[in-house]
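Reviewing the structure listed below.
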Amino acid sequence: MDFDLSEEQRLLKESLERLTAERYAFEQRRTYGRSREGWSRELWAQYAELGLLGLPFAERYGGSSGGPVETMIAMEAFGRALALEPYLATVVLGGGFLRHAGSAEQCAALIPKIAGGSLTAAFAHTERHSRYDLADIETRAVRDGSGWVLDGEKGIVLHGDSADQLIVTARTAGGRRDRDGIGVFIVDGASEGVSRRGYPTQDGLRAAEISFAQVRVGPEGVLGEPEAALPLVERVVDEAIAALCAEAVGAMAAMHELTVEYLKTRRQFGREIGSFQILQHRAVDMLIALEQARSMAMFATMMAAEENAAERRNALSAAKVQIGRSGKFVGQQAVQLHGGIGMTMEYKLGHYFKRVTMIDTIFGDADHHLRELARRGVSGAPG
Amino acid sequence: MDLRFTPEELAFRDEVRAFFAANLPPSICTKLVEGKRLTKDDIVTWQRILNKKGWAVANWPVEWGGTGWSPVQQYIFQEQLQLTPAPQPLGFGVTMVGPVIIAFGSQAQKKRHLPAIANLDVWWCQGFSEPGAGSDLASLRTAAKREGDHYVVNGQKTWTTLAQHADWIFCLVRTDPQAKKQEGISFLLIDMKTPGITVRPIITIEGGHEVNEVFFDDVKVPCENLVGQENRGWDYAKYLLGRERTGIARVGLSKERVRRIKELAGMERAGDKPLIEDERFREKLAALEVELKALEMTQLRVVAAERHRTDNKPDPASSILKIKGSEIQQATTELLLEVVGPYAIPFQPEHEDDERWNEPPVGPEWAGPIAPTYFNWRKTSIYGGSNEIQKNIIAKAILGL
Ligand SMILES: Cc1cc2nc3c(=O)[nH]c(=O)nc-3n(C[C@H](O)[C@H](O)[C@H](O)COP(=O)(O)OP(=O)(O)OC[C@H]3O[C@@H](n4cnc5c(N)ncnc54)[C@H](O)[C@@H]3O)c2cc1C
């Protein structure tokens with residue numbers, strides 16, 4: 001058993017911390033957020049230079065063959081920085097589909113561009129009524145010669161407004177919510193029939209509603225089994241959940257630090273408010289929640305590559321439950337202990353609170369995953 | 001002991017309901033149901049409707065336009081406002097500065113200010129908190145120096161709710177810097193149009209403009225605007241903060257939110273059935289309703305006990321209502337967030353000054369205000385004496401610790 005980082009991983013962490021300390025001050029973030037795309041192309045190029053965009057990919061495609069631990073390190077740093085760039089969408093989700101199901105041609109065509117920073121991706125999956133059910137898909141893909149034609153509506157596509165390539169799930173057979181009959185397709189964002197409506201999210205990032213009207217996809221755009229790709233989706237989503245857990249831990253740790261610092265400096269009744277025992281204990285409870293979350297984020301990281309799908313799914317659900325609960329407690333208490341200041345847009349804390357709240361609603365909130373654990377645990381059913 | 005309202009009280013409730021049904025503009029009611037912000041106009045319009053009926057300042061003495069209702073009737077009226085839902089008459093005037101002027105103000109102040117408060121001809125805001133004086137309000141530093149027939153005010157207030165709409169502000173100011181901190185404070189009424197006052201917006205985390213900073217730079221305030229005696233302001237402030245016992249728990253508002261949760265959870269699906277049929281969700285909702293019922297009963301006990309009270313002292317039980325009430329309100333916003341699920345994520349502007357404000361909603365049309373309300377409602381355990389401070393009050397005043 002070993003929870004230590006390797007020498008290389010430590011270096012990665014340090015260089016990321018340096019970069020975000022230099023380039024992600026609160027004011028700078030505000031400037032990036034106000035730009036048209038809502039994130040910084042310039043920083044994206046720096047991420048590429050540092051090798052961050054190639055972390056999980058094979059060396060022959062310009063990557064550095066990192067694993068979930070490297071992704072965790074990156075995401076935690078992004079969580080602390082409240083980074084706005086489409087790392088999750090492009091590298092973790094888009095890259096995940098290519099790593100697990102991309103043909104040699106697909107990988108060769110796309111991964112080097114991702115790693116080099118010239119291509120971004122987004123995962124177009126959720127639909128108006130699908131909520132957190134990964135199999136609940138109505139968007140249809142109908143065979144047309146050697147290719148496919150896609151029709152349907154996707155929502156809350158994270159960073160979907162600026163993505164060059166969209167990874168789209170669609171039903172090729174069966175009825176809505178069937179586990180079978182789901183395909184995954186790569187669609188160029190500029191294809192005819194794709195229309196997107198981009199918008200800001202509550203936490204200051206970007207997303208889009210995207211509709212697909214008679215969008216043609218050639219055979220080269222099919223990822224994995226066109227009629228049995230749900231396990232692939234689950235696998236990639238599990239990796240994304242692990243990444244989100246790490247991001248949330250970064251944000252929670254930052255909130256906790258800000259709060260402890262505030263308790264030491266804010267004075268009321270002639271003394272530091274940190275001298276009130278009730279507030280000391282609250283800060284300790286926050287620390288406990290944070291450490292429990294950190295432990296589960298590590299668990300998620302180590303289980304993200306687990307081959308046994310049932311075990312992996314349970315592990316990731318458990319982690320998401322803990323992250324959701326800890327995130328809520330740490331976020332709410334951080335605001336509470338700051339008093340009025342914690343409620344303001346001008347102060348960094350509230351932005352962490354919002355980000356952590358939104359992370360809970362991505363790929364299933366704490367209650368959803370509790371239900372899943374209860375259901376799978378009782379019936380032993382897979383998936 | 002009897003839980004039921006008397007036939008007269010029930011008839012009164014029906015009368016209030018019927019009046020609201022006939023007179024509340026539906027657009028205002030809809031905004032409240034959907035969790036949208038009211039405009040200044042909405043609030044003024046409704047308060048004037050109430051005032052015409054003689055109900056805008058129900059809690060005041062009859063001679064100043066009050067209704068003379070019993071505490072139970074006051075409670076029923078409050079609850080109907082929250083359940084309908086209809087806007088509350090503007091608290092800064094009706095439940096804060098109005099009662100203080102009635103209890104401690106001069107005859108001239110009463111004549112000048114009370115009718116204008118009732119009809120919301122004058123919008124008041126509350127200038128108590130300062131950057132350095134939040135929970136420790138008595139350490140406030142905004143200074144008022146007497147020079148002949150006026151005071152000169154210098155300093156800064158903050159978190160001033162809706163000061164952007166305000167015509168007047170009631171302030172706690174330091175008039176005796178030498179005295180013990182509670183003893184050198186006075187209660188001053190200040191016209192916001194006086195030269196030297198600057199209002200700067202503070203945007204809260206969800207993006208709304210609800211609070212402000214208010215700066216005073218050599219602001220001349222006539223001495224006739226002092227309420228009661230100089231250096232007694234702290235007593236008046238305590239009177240103001242502890243007086244409101246009914247309504248503080250906002251049971252009616254939470255009931256209305258629970259109704260809304262049920263309605264929306266009936267529309268949202270979790271898997272193959274509506275979320276409202278999901279067992280786990282139902283249990284959570286039921287647990288919240290149990291808590292809310294308990295709070296309602298506690299509140300009714302406080303209301304009923306009111307009959308026997310002769311003093312006007314703050315009731316430490318109001319701290320219990322404030323703590324539990326804010327926790328339950330916050331819990332309702334959490335459940336709503338859970339109902340909306342991933343469609344909590346899009347940010348949907350509500351203000352005309354946002355270029356996207358009149359675009360059609362993203363996702364369900366009711367989703368927009370849900371996450372912002374959750375974020376914004378964190379304030380309820382911070383303002384009006386934070387929940388930690390309320391617990392200190394209970395420990396001291398009820399437990400004698
Ligand atoms: C949305 C909003 C609207 C408001 N509107 C108004 C308004 O219209 N007019 C107005 O005058 N004010 C208003 N306020 C101010 C509000 O009353 C103060 O925010 C509140 O009193 C807390 O003060 P503070 O923000 O300075 O926090 P602080 O007093 O600095 O408190 C920080 C933290 O320390 C805790 N704490 C402080 N002292 C103790 C103690 N002795 N024991 C244990 N814990 C303690 C607090 O509970 C809190 O968690 C508003 C605030 C908000 C957020």
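Keep in mind that what you see is a predicted model, and the values were worked out from it rather than measured. Quick note: numbers below take in every heavy atom, side chains included, and nothing from hydrogens, waters or symmetry partners. Within every chain, numbering begins at 1; the chains are lettered A, B, ... in the order of the sequence lines, protein sequences first and strands thereafter.
Using a 4.5 Å cut-off between heavy atoms, A/S130 does not touch chain B at all. The contact between A/R177 and chain B is made entirely by side chain atoms (from C-beta outward), counting heavy-atom distances below 4.5 Å. Both the backbone and the side chain of A/I341 come within contact range of chain B, each with at least one heavy atom under 4.5 Å from a heavy atom of that chain. Of the two parts of A/R206, neither the backbone nor the side chain holds a non-hydrogen atom closer than 4.5 Å to a non-hydrogen atom of chain B. Neither the backbone nor the side chain of A/L205 comes within less than 4.5 Å of any heavy atom in chain B.
Annotation: residues 327-335 of chain A contacts chain B through A/K328, A/Q332, A/V335 [non-hydrogen atoms, separation under 4.5 Å].
Here A/R266 is the residue among A/E346, A/H338, A/R266, A/H351 with the most heavy-atom pairs under 4.5 Å with chain B. In terms of heavy-atom pairs under 4.5 angstrom with chain B, the leader among A/R371, A/M343, A/E209 is A/M343. Put simply, of A/T361, A/D360, A/D133, A/I156, the one with the most heavy-atom pairs under 4.5 Å next to chain B is A/I156. For the set A/R282, A/M358, A/R197, the count of heavy-atom pairs under 4.5 angstrom toward chain B peaks at A/R197.
A salt bridge is defined here as a Lys NZ or Arg NE, NH1 or NH2 lying under 4.0 Å from an Asp or Glu carboxylate O, and B/D136 with A/R267 fails to meet this definition. Salt bridge A/R313/A/D238: present, at least one basic N to carboxylate O contact under 4.0 Å.
Taken from CG in A/L349 to CZ in A/F26, the straight-line distance is 9.5 Å, to the nearest 0.5 Å. From A/E372, atom CD reaches atom OH of A/Y132 across 12.5 Å, with rounding to the nearest 0.5 Å. Atom CG of B/D278 is separated from atom NZ of B/K284 by 10.0 Å, given to the nearest 0.5 angstrom.
At a threshold of 4.5 Å between non-hydrogen side-chain atoms, the residues A/M345 and A/K354 count as touching.
The six-membered or imidazole ring of A/H368 lies away from that of A/F363, with a centre-to-centre distance of 6.0 Å or more.
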*Audit row: A/H159, A/F123, side chain to side chain contact (heavy atoms under 4.5 Å, CB included) steps and yes/no*: CA-CA 9 Å; A/H159 282 113; A/F123 179 40; over 6 Å; no

_Quick one, B/V199 with B/F215, criterion side chain to side chain contact (heavy atoms under 4.5 Å, CB included). Give me CA distance, side-chain angles, the key distance, then yes/no._
CA-CA 6 Å; B/V199 178; B/F215 297 87; over 6 Å; no

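By the ring-ring contact (aromatic ring centres under 6.0 Å, His included) test, A/F353 pairs with B/Y374, B/F375, sequence neighbours left out.
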